[in-house]
Structures are given as C-alpha cells and as structure tokens.
Amino acid sequence: MKRIVMMSVLLVVLLAVVVNIGFAAEKKKVLLLETSIIISSAQQILQGLEQAGFVDQKNMTYSTIRMSATDDVTQLVAEVKEVAPDVIVANIEAGNVLEALKNLPIPVITGMNVDRYVTAEGVPTANITGVYTVLPDMVYNSYKFLQKIAPLKQGQSVVYLDNPEFQLLSKDTVMAGLQRLEIPVKAVVDATVYEDWQQAMLKYSNDPEVGWILRASPSKKRDGSRVNMVTELYPWQQENLKKPTVTYWDIAVQMGTLCAFGVDINESNAQTGRMAARVLQGEPIQSIKAEYPGKVSISLNRKTATNLGIVFSLDVLNLANVIYDDYEGKQVIRK
C-alpha cells in the first residue's frame with residue numbers, strides 16, 4: 001500500500017513538472033527595441049499586450065535592447081537572433097534599425113517609420129507593420145495650430161532645420177504643409193550634426209525676418225557620438241531657442257517646446273502592443289495592416305510661452321489636453 005501511495009505521489013510530481021515545462025515552453029517571447037534618448041515605451045507596450053490577453057511571466061516574457069542610430073546594427077541583428085523572439089516591437093526613430101531587421105524571419109511591429117514598409121493601403125511588403133508616425137494632415141494642422149498661437153508678422157518667414165537621417169518626417173512633408181498654408185520659407189538647413197543644429201538655432205533666433213524655427217532633431221555630434229535629448233538637447237533649447245516652434249510629441253512639450261499637435265505617444269505605444277499580440281495569437285504579419293494612431297494630443301508649455309512673450313488665448317487653452325507650467329512635468333494640468 002505504501003508503495004502504491006509513493007508511486008502515486010511520484011506520478012503527481014512528475015505530472016506537475018511536465019505541465020510546468022509545457023507552460024514554460026508555451027510562453028511567447030517579445031523583444032522591445034528602444035532608443036537610448038527618449039523615455040521608455042515598455043510600460044505602455046506591455047499594457048497593450050495585457051489588454052489583448054498577454055501578461056508577462058504568465059503566458060509571455062519580454063526583454064529590452066536600447067540603442068540609437070549610432071550603434072552597430074550588425075551587432076543588433078546578432079543579439080536579436082540570439083534572443084529568437086516571436087515578435088519584435090521597435091519603437092525607435094533610427095531608420096537604419098528597421099532596415100537591418102527587414103526580411104528577418106521575425107515579425108516586427110514599429111511605432112515609427114512604418115510608411116516605407118507597407119503599401120498605400122497599409123499592407124506589409126516585408127516583415128514589418130505597425131502604427132504610422134503621424135495622422136493624416138497632422139503636419140498641416142500643426143502649423144495651422146501654431147499660426148493660432150504665434151501668428152507670423154508681415155514680412156516674416158520660417159526656417160526648417162532638416163535631418164535626413166531622423167526620418168520621422170520628410171522635408172517634402174514639411175514643405176507641403178507650409179505651402180498649403182502659403183507660409184514662406186527663408187531657409188532649409190541640414191542640421192543632422194548637433195553643432196550645426198545649435199549654430200542654426202542661434203543664427204535664426206536672432207533674425208527678425210524669421211517668425212518660426214521648425215526643426216527635426218540632430219542625430220549625432222561632430223565627433224560621431226550620440227546626442228542625449230533629455231540631458232543635452234532640450235536643456236540647451238530651453239536656454240537658446242527664441243522663436244516659436246511646434247512638435248508632434250507631448251514629451252517634447254514637457255521639456256520646453258512651445259506646443260504640440262500630434263500623437264498621444266502613450267496610446268500609440270499601447271497600440272503597438274495590441275498589434276504585437278495579434279502576431280502572438282498566430283496572425284501572419286502580412287495580414288496585419290498598418291494603423292493610424294488612435295488619439296490626438298494637444299499640449300502647451302506656459303513657461304516657454306512666457307519666455308517668448310506669448311500669451312495663450314482662452315480658445316487655445318480650451319483646446320489643449322495637457323498644459324505644462326514647468327519643464328519637469330510637476331506642474332501640469334491634464335484634461
């Protein structure tokens with residue numbers, strides 16, 4: 001009898017081990033690729049996955065690689081292959097990263113630069129799909145919004161600091177938005193290099209003929225090292241940019257950009273998580289069309305407005321979803 005009981009216990013233990021192994025084997029692997037210069041998107045992506053039924057350590061696990069455009073993409077591909085994830089979520093602005101991942105036998109969901117990897121209808125042409133960087137007409141509406149906040153004076157024009165490597169918005173898209181509003185352009189400056197970007201900022205901030213300075217972000221310094229937006233770029237901009245500008249991301253307004261008419265980045269990150277969940281559920285990447293961001297965010301920074309001598313009208317304040325009174329996100333109104 002004792003022997004039977006012992007054998008029964010052993011069988012139960014063995015069964016539990018087998019079941020646990022089975023559960024472990026069933027856990028899906030998600031790899032998050034993030035830039036090293038923007039706040040983490042992991043929390044929102046995981047939230048989106050959880051909304052779709054995938055919970056960390058329950059039926060999935062995740063790991064994160066942080067990098068930028070200046071990192072070795074060959075090494076990145078080697079690391080990705082070593083992880084062997086079921087899906088990659090690449091919320092990173094460096095276009096060369098997606099190029100390196102293109103045609104790997106791993107589905108990729110991106111929150112940036114998806115346009116070049118899908119057809120006009122949003123159908124993936126390779127192993128990449130995701131959320132579009134901008135909403136339809138977002139650039140046009142952003143400049144229209146900036147006109148409402150800081151109208152150009154008679155004879156004033158705008159300057160655009162371009163960065164072909166940044167790729168979130170092309171120069172053609174910016175020029176098309178300005179042309180639709182019949183806004184004159186004084187200069188387009190290649191500001192890929194941080195020091196050139198700074199020089200142009202200083203030059204045109206003191207030019208009375210310039211009403212706005214519209215800008216992409218620089219991607220590297222002259223010595224080839226990366227630019228840290230949080231500790232270097234935005235603090236410098238707070239002190240030296242003397243002209244109104246508009247961005248498309250709430251976090252940039254918190255750090256001192258005057259205003260944003262654009263994507264709610266938290267919701268966009270969660271959206272990429274939900275799209276990744278479709279891959280984990282077995283849907284082929286080719287059937288997952290690119291999606292537009294689900295939510296617009298209008299943000300203002302009153303501290304920057306005060307520094308520029310701008311007073312937001314009641315109409316503008318009523319339109320805003322988020323209003324900052326500092327650069328740390330401590331004094332903020334959310335509606």
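All values derive from a computational prediction rather than experimental measurement. Residues take their numbers from the sequence shown, with the count starting at 1.
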Is there a donor-acceptor contact under 3.5 Å from the side chain of [X] to the main chain of [Y]?
X	Y	answer
Ser157	Pro184	no
Glu195	Arg222	yes
Asn127	Ile106	yes
Ser63	Leu31	no
Asn163	Ser217	yes
Thr61	Lys29	no
Lys295	Ser268	no
Thr247	Ala260	no
Ser205	Leu202	no
Lys242	Glu239	yes

I'd like to know whether [atom1] of [X] has more than 12 heavy-atom contacts from other residues, nucleotides or ligands below 6.0 angstrom.
X	atom1	result
Gln281	CD	yes
Tyr62	OH	no
Gln57	CD	yes
Gln179	CD	no

Establish, yes or no, whether the cationic atom of Lys303 lies under 6.0 Å from the six-membered ring centre of Tyr327 and within 45° of the ring axis.
yes
With Asp137, which residues qualify under side chain to side chain donor-acceptor pair (under 3.5 Å), at least two apart?
Arg180
Contact summary for [X] and [Y], nearest pair of heavy atoms:
X	Y	answer
Ala126	Asn103	CB-OD1, 3.6 Å
Pro107	Val279	CG-CG1, 3.7 Å
Pro124	Ile288	CG-O, 3.4 Å
Met60	Leu49	SD-CD1, 4.0 Å
Leu135	Pro293	CD2-O, 3.3 Å
Asn321	Val296	OD1-O, 3.9 Å

Does a donor on one side chain and an acceptor on the other come within less than 3.5 Å for [X] and [Y]?
X	Y	answer
Arg215	Gln237	yes
Thr231	Asn228	yes
Asp190	Thr192	yes

Got a second to check how far [X]'s [atom1] is from [Y]'s [atom2], nearest 0.5 Å?
X	Y	atom1	atom2	value
Ile88	Thr110	CD1	OG1	10.5 Å
Phe312	Cys259	CZ	SG	6.5 Å
Leu101	Leu76	CG	CG	5.5 Å
Leu280	Lys27	CG	NZ	14.0 Å
Lys203	Ile213	NZ	CD1	11.0 Å
Gln51	Arg274	CD	CZ	5.0 Å

Applying side-chain contact (heavy atoms from CB on, under 4.5 Å) between Leu152 and each of Leu146, Val158, Leu181, report the one that passes.
Val158
Electrostatic pair [X]-[Y], nearest N-O below 4.0 angstrom:
X	Y	answer
Lys186	Glu209	yes
Lys221	Glu232	yes
Arg302	Asp326	no
Lys330	Asp325	no
Glu291	Arg278	yes

Test side chain to side chain donor-acceptor pair (under 3.5 Å) on Asn91 and Asn269; report intermediate values, then the result.
CA-CA 8 Å; Asn91 280 356; Asn269 289 335; 2.8 Å; yes
With hydrophobic residues grouped by side-chain heavy-atom distances under 4.5 Å, do [X] and [Y] end up in a single group?
X	Y	answer
Ile128	Val87	no
Met275	Val123	no
Phe261	Met112	yes
Val253	Tyr234	no

Set out, in order, the CA-CA distance, both residues' side-chain angles and the distance that settles side chain to side chain donor-acceptor pair (under 3.5 Å) for Ser41 and Glu34, then state yes or no.
CA-CA 7 Å; Ser41 58; Glu34 294 187 331; 3.1 Å; yes
Residues in ring pair (Phe, Tyr, Trp, His ring centres under 6.0 Å) with Tyr117, at least two apart?
none
By the ring-ring contact (aromatic ring centres under 6.0 Å, His included) test, which pairs, at least two apart or in different chains, include something from residues 186-205?
Tyr194-Trp197, Trp197-Trp236
Do Asp315 and Lys148 have side chains that approach each other closer than 4.5 Å (heavy atoms only, starting at C-beta)?
yes
Quick one, Asp223 with Ser225, criterion side chain to side chain donor-acceptor pair (under 3.5 Å). Give me CA distance, side-chain angles, the key distance, then yes/no.
CA-CA 6 Å; Asp223 62 6; Ser225 61; 2.6 Å; yes
